[in-house]
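Let me begin by presenting the structure, written as structure tokens, before commenting on it.
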Amino acid sequence: MMWVLGLTGGIGSGKTTVSDLFSGHGITVVDADVIARHILDQGTPALAAVTERYGKQALTDDGSLNRGWLREKIFAEPEEKDWLNQLTHPLIRSQLLEELEAAASPYVILSAPLLVENNLTRLCDRVLVVDVSEETQRQRTLARDKVSSDQIEQILAAQASRNERLAAADDVINNEGTLSELAPQVKALHQDYLGRAQLKRAREKALQTDQGQED
Ligand code: ATP
């Protein structure tokens, strides 16, 4: 099994900025959001199941998922959100596992905004939280996206609280400072993770040798 670092943080905390820095050290990043989006791509079994349940109204003219329609549907009807989660979560999880195992770097990062909320910490050897105050989350998200303050408040309310996330953390990057303060923190953590991943590989190899001798 690969040594997996779970990387998380609330909206606008700096996850992408931090994961880009790890990528710069040659580490593969598996992004749960990207996988979640592709699970409902055109031609997938999940999109066929959605169409069977809701009919053509769930699709745009070109036959792809009408994501805005579905977002509103599950926002208004929580039982539909449960149905969709039951459909997509196992598919997302198995795709995640496949991509984590396929990674060719010394360790691999699983980046997920909802790592804690969706219990993905179970797939991780260690959890790194990118932490900023809610005020900074609001400011940076507003500066980056074309979203309203109301939308940001909704997302903040739907995500784990700062304390819940920090309770799941093994390591924390405080990202209240400048961008240039991030690189040395990532470099130091990267060195630590290389050592931990190497240790895991050595332990598993020793275990395999022991089992081989017992057989
Ligand atoms: P989301 O979950 O919303 O996708 P994220 O956690 O991936 O967000 P980023 O996109 O990395 O967050 O960062 C949010 C914004 O804040 C970006 O515009 C980024 O350039 C900026 N940013 C990140 N870190 C800092 C920093 N230390 N100082 C100033 N701006 C920053």
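Just so you know, ligand 1 is whichever comes first in the structure, and atom 1 is the first atom listed for that ligand.
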Holding to salt bridge (Lys or Arg N to Asp or Glu O under 4.0 Å), I want the full list of residues that pass it with D171, two or more places apart in sequence or in another chain.
R126
Write 'none' if nothing qualifies; otherwise put on separate lines each N/O atom of ligand 1 with a protein N/O atom under 3.5 Å away and their distance to 0.1 Å.
from     : atom 1 : to   : atom 2 : distance (Å)
ligand 1 : 2 (O)  : K15  : NZ     : 2.7
ligand 1 : 3 (O)  : G12  : N      : 3.1
ligand 1 : 3 (O)  : R144 : NH1    : 3.3
ligand 1 : 3 (O)  : R144 : NH2    : 2.7
ligand 1 : 4 (O)  : R144 : NH1    : 3.4
ligand 1 : 6 (O)  : S13  : N      : 3.3
ligand 1 : 6 (O)  : S13  : OG     : 3.4
ligand 1 : 6 (O)  : G14  : N      : 3.0
ligand 1 : 6 (O)  : K15  : N      : 2.8
ligand 1 : 6 (O)  : K15  : NZ     : 2.7
ligand 1 : 7 (O)  : T16  : N      : 2.9
ligand 1 : 7 (O)  : T16  : OG1    : 2.5
ligand 1 : 8 (O)  : G12  : N      : 3.1
ligand 1 : 8 (O)  : R144 : NH1    : 3.0
ligand 1 : 10 (O) : R144 : NH1    : 2.8
ligand 1 : 11 (O) : T16  : N      : 3.3
ligand 1 : 11 (O) : T17  : N      : 2.9
ligand 1 : 11 (O) : T17  : OG1    : 2.5
ligand 1 : 12 (O) : G14  : N      : 3.1
ligand 1 : 24 (N) : N175 : ND2    : 3.0
ligand 1 : 27 (N) : N175 : OD1    : 2.8
ligand 1 : 27 (N) : G177 : O      : 2.9
ligand 1 : 28 (N) : R140 : NH2    : 3.3

All ring-ring contact (aromatic ring centres under 6.0 Å, His included) counterparts of H89, not counting sequence neighbours:
none
Under-4.0 Å salt bridge between E135 and R138
yes
Can you tell me if K81 has over 12 outside heavy atoms packed within less than 6.0 Å of its NZ?
no
Who passes ring-ring contact (aromatic ring centres under 6.0 Å, His included) against Y54, sequence neighbours left out?
W69, W83
Do F22 and L128 make a side-chain contact, defined as non-hydrogen atoms from C-beta onward lying under 4.5 Å apart?
yes
